[in-house]
Q: 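If you scroll down you'll find the structure; I have some questions about it.
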Number of protein chains: 2
Amino acid sequence: MSRQNQTFKAAANQAMDLFSGLEPGCELGTEAELCDRLEISRTTARNVLSHLANLGILEWEGRRKVLLRAPTVADRFPPEDVALPAERAEHQFHEWILRTDLPPNAQIHESELARQLGISVALVRDLLQNFRVSGLVEKNPNKHWTFRGFTRDYALEMCDMRELIEREAMRRLCADPDHPALPRMVEMERLHINLLARDDSAMTEFPALDARFHRLVCSAARNRFYDEFAHRISIIVHYHYQWNKRDETVRNREAIREHLAVIQAVLQGRSDEARDAFDQHLQTARETLLASVNWS
Amino acid sequence: MSRQNQTFKAAANQAMDLFSGLEPGCELGTEAELCDRLEISRTTARNVLSHLANLGILEWEGRRKVLLRAPTVADRFPPEDVALPAERAEHQFHEWILRTDLPPNAQIHESELARQLGISVALVRDLLQNFRVSGLVEKNPNKHWTFRGFTRDYALEMCDMRELIEREAMRRLCADPDHPALPRMVEMERLHINLLARDDSAMTEFPALDARFHRLVCSAARNRFYDEFAHRISIIVHYHYQWNKRDETVRNREAIREHLAVIQAVLQGRSDEARDAFDQHLQTARETLLASVNWS
DNA sequence: TTACGGTTTTTTATAAATAAAATACATTCC
DNA sequence: GGAATGTATTTTATTTATAAAAAACCGTAA
């Protein structure tokens, strides 16, 4: 089936967002302008213009482009049409491998998984190859893949690596009073205070904020290898949050407070305190993670 | 063209190696036995037997398999036929990307590279995706790849990460007097002493030994993330050795001596000394690497 | 009755095909 | 003459096809 116009559809929706802020009857800019705005090629931009002309949203002839009417919800492409197959598949794959309670050493067959997720084997192969770096699956040449298991060993190795990297990143953050990450820390403080003020139901937003906080800390080292690892780990930890629901909101509130203690110490230049508070938080995070691992 | 029987050809050559140690006329084992020995499936084992029967090397009927004559060199498949396309391609790719002096921000086109290396675009895509983790290339969605450049920044980030990991690994190695990596350290010592005793021309073997030494140190932490990084880095460093040939043999001999100082301190339980010597070596390695980077 | 060999089915490795999207080139209009 | 449009070419994203290799199945002989 090759491609399914996702770039075009997403761009068309974006263009409609753009045009709905304008008055009907007004002249629209050049093709190149639209390309810059939507970050697409001229080919796609022209397809979008042609599509909107067909819908009667605008009139287009040569350089003259006039908006006829405001776009409606009915004109838009549905959200499930604009997601790229690769992105959708990645999400499905993560759901499957991190939520299905696969036993360690389980066999994973590309063809079987492709059928199960309703995607092509080539895509499954890409996903597994990429996920291999996370240390949870391995390839048996000419044969199937093996799930190594989210075991206690895995969790320990992951935590060790994380602590090694993030402690060093924190050290660098504290060492420079003009560190470029500090403005983003101010923003971080605001987000944490806001979330803490809301009620328990808002705690579902914590995992995403946690990932952002740790990625920000990692980015302070300005080392691409740190960032790469932070990204990998955030995927694993994100799913982990949904494994152990016991005392979840209590744990999350406590984690927010720990984050805040770190952030405020950093912002106020109390370096030793920041590092101690961060060590404390890493210890808590480790315990939380290990508590949710099967003791098999 | 799909596959080209590489597994079969490699297995056939291996089988011939196996049989050349036997007397003509003797009975050969079962199919399953051959599978275990060559680590192949019965399908391939039977193809091998059938091939060798056609060549007149053995007689095969049902369970009776008799060796007729010793295999000759002419019977063997040439080495270029047994290498898997993926392996060959990876080697070619590494040669190309690490030896061609690409400027930072150079565009890399999958299709162009496929033509240049004489491999399929799908394979090029796989290679680039995998290499992305090394931090030297990045993808522009819907567009080309970009070579980020073996810059001073890259070298610094790589060294920082390496030192962080390897220092921690060394700490763990020293902390445990019964560490399972110690026997391999004894072997390492022997290899280093041997290489040091040989003449300058043998120094071409140093890069491989260096990679082994650092991988062994990493493995002491028994953490898959350390191992993964050590593997990535060894590829980059391997090629780096061929960039700066000035004073090469002198530098290599010095590095061997530094390795030996570390190994012997470790083996004799002088922990502090081992760590100091290792820090010293990491410092030298950093200087060597940085000296070879373009100052652009 | 069980281990081995013959046969069939499933799965992987690789290449090729196809449409979308990007880019390069040619043309027109101010 | 230069910037915008119209057209052609190249490149990427995705699916499908094919043969090799693995695995499962089944019968048979030691």
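To find a chain, count down the sequence lines: A is the first, B the second, and so on, and within it residues start at 1.
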Q: Going by the salt bridge (charged side-chain N to carboxylate O under 4.0 Å, His left out) test, which pairs reach into residues 30-39 of chain A, not counting sequence neighbours?
A: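 Of all non-adjacent pairs touching residues 30-39 of chain A, those that pass salt bridge (charged side-chain N to carboxylate O under 4.0 Å, His left out) are A/E31-A/R42, A/E31-A/R46.
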Q: Just the rounded figure in Å: distance from P of C/dA22 to CZ of A/F8.
A: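 Spelled out: CZ on A/F8 to P on C/dA22 is 12 Å.
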Q: Using a heavy-atom cut-off of 4.0 Å across all strands, would you classify B/K65 as base, sugar-phosphate, or nothing?
A: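 Sugar-phosphate contact only - B/K65 comes under 4.0 Å of backbone atoms but never of a base.
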Q: Can we say B/D126 and A/R125 salt-bridge, meaning some charged N sits less than 4.0 Å from an Asp/Glu carboxylate O?
A: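 Answer for the salt bridge query: yes.
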Q: With sequence neighbours left out, write down each residue that passes side-chain contact (heavy atoms from CB on, under 4.5 Å) with B/E205, or none if nothing qualifies.
A: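 Scan of B/E205 (side-chain contact (heavy atoms from CB on, under 4.5 Å), adjacent residues dropped) gives B/L195, B/R198.
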Q: Could you list by number each residue of residues 79-92 of chain A showing a heavy-atom separation from DNA chain D of less than 4.0 Å, or answer none if no residue does?
A: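 Heavy-atom contacts with DNA chain D come from A/P85, A/A86.
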Q: Could you check whether any side-chain heavy atom of B/L98 comes within less than 4.5 Å of a side-chain heavy atom of B/L136, counting everything from C-beta outward?
A: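 B/L98 vs B/L136: side chains touch.
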Q: With salt bridge (charged side-chain N to carboxylate O under 4.0 Å, His left out) as the rule and sequence neighbours excluded, what pairs involving residues 50-60 of chain B come up?
A: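 Every salt bridge (charged side-chain N to carboxylate O under 4.0 Å, His left out) pair that includes a residue of residues 50-60 of chain B, provided the two are not neighbours, is B/E59-B/R64.
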Q: What residue pairs, at least two apart or across chains, pass side-chain hydrogen bond (donor to acceptor under 3.5 Å, both in side chains) with a residue in residues 12-22 of chain A?
A: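 Found A/D17-A/R76.
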Q: With the sugar-phosphate defined as primed atoms, P, OP1 and OP2, and the base as all remaining atoms, what B/S/- string results for nucleotides 24-30 of chain C, 5' to 3', for protein heavy atoms under 4.0 Å?
A: B---B--
Q: The criterion is side-chain contact (heavy atoms from CB on, under 4.5 Å); which residues satisfy it with B/N105, sequence neighbours excluded?
A: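 Here the qualifying residues are B/T146.
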Q: By side-chain contact (heavy atoms from CB on, under 4.5 Å), which residues pair with A/V121, not counting sequence neighbours?
A: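 Partners of A/V121 by the side-chain contact (heavy atoms from CB on, under 4.5 Å) criterion, ordered by chain and then number, come out as A/S111, A/A114.
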Q: Please report, rounded to the nearest Å, how far the C1' atom of C/dT12 is from the CG atom of B/L123.
A: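 Atom-to-atom, B/L123 to C/dT12, this comes out as 14 Å.
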Q: Write down the distance between CG (A/L127) and P (D/dT15), rounded to a whole number of angstrom.
A: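 It works out to 11 Å between those atoms.
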Q: Write down the distance between CG (A/L128) and P (C/dA13), rounded to a whole number of angstrom.
A: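 After rounding, the reported distance stands at 11 Å.
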Q: Could you check how far CD of A/E33 sits from P of D/dA3, rounded to whole Å?
A: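 It is 14 Å, rounded to the nearest whole Å.
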Q: For nucleotides 10-12 of chain D, which of its nitrogen or oxygen atoms have a protein nitrogen or oxygen under 3.5 Å away, and what is each distance?
A:
{"unit_1": "D/dT11", "atom_1": "OP2", "unit_2": "B/R115", "atom_2": "NH2", "d": "3.3"}
{"unit_1": "D/dT11", "atom_1": "O5'", "unit_2": "B/S111", "atom_2": "OG", "d": "3.2"}
{"unit_1": "D/dT12", "atom_1": "OP1", "unit_2": "B/E110", "atom_2": "N", "d": "2.9"}
{"unit_1": "D/dT12", "atom_1": "OP2", "unit_2": "B/E110", "atom_2": "N", "d": "3.4"}
{"unit_1": "D/dT12", "atom_1": "OP2", "unit_2": "B/S111", "atom_2": "N", "d": "2.8"}
{"unit_1": "D/dT12", "atom_1": "OP2", "unit_2": "B/S111", "atom_2": "OG", "d": "3.1"}
{"unit_1": "D/dT12", "atom_1": "O2", "unit_2": "A/R3", "atom_2": "NH2", "d": "3.3"}

Q: In whole angstroms, how far is the P atom of D/dG6 from the CD atom of A/E31?
A: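 These atoms are roughly 6 Å apart.
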Q: Picking from A/E138, A/E110, A/Q107, what satisfies side-chain hydrogen bond (donor to acceptor under 3.5 Å, both in side chains) with A/W145?
A: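 Checked A/E138, A/E110, A/Q107 against A/W145; only one passes side-chain hydrogen bond (donor to acceptor under 3.5 Å, both in side chains): A/E110.
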Q: Look at B/T44 and D/dA20 and indicate whether a side-chain polar atom (N or O) is within less than 4.0 Å of OP1 or OP2.
A: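 Answer no for this pair, as no side-chain N or O of B/T44 is under 4.0 Å from OP1 or OP2.
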Q: Which nucleotide in the list C/dA21, D/dA22, C/dG5 gets nearest to the side chain of B/S41?
A: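 Per side-chain heavy atoms of B/S41, the pick is D/dA22.
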Q: Closer to the 5' end of DNA chain D via nearest nucleotide, is it A/S120 or B/T7?
A: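 That would be A/S120.
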Q: My understanding is that only residues two or more places apart in sequence, or in another chain, count here; which of them pass side chain to side chain donor-acceptor pair (under 3.5 Å) with A/R88?
A: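 Side chain to side chain donor-acceptor pair (under 3.5 Å) check on A/R88 returns nothing, list empty.
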Q: Considering just the side-chain nitrogens and oxygens of A/S2, establish if one lies under 4.0 Å of OP1 or OP2 belonging to D/dT14.
A: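 So the side-chain polar atoms of A/S2 never come under 4.0 Å of the phosphate oxygens OP1 or OP2 of D/dT14.
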Q: Taking side chain to side chain donor-acceptor pair (under 3.5 Å) as the definition, give me every residue that meets it alongside A/Q92, ordered by chain and number, with sequence neighbours left out.
A: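 Scan of A/Q92 (side chain to side chain donor-acceptor pair (under 3.5 Å), adjacent residues dropped) gives none.
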Q: Write down the distance between CZ (A/R46) and P (D/dG6), rounded to a whole number of angstrom.
A: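 Atom-to-atom, A/R46 to D/dG6, this comes out as 5 Å.
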Q: Could you work out, with side-chain contact (heavy atoms from CB on, under 4.5 Å) as the rule, every residue matching A/E228, not counting sequence neighbours?
A: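 Listed in chain order: A/R232, B/R132, B/V133.
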Q: Rounding to a whole Å, what distance do you find between B/N5:CG and C/dT14:P?
A: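 Rounded to whole Å, this separation is 12 Å.
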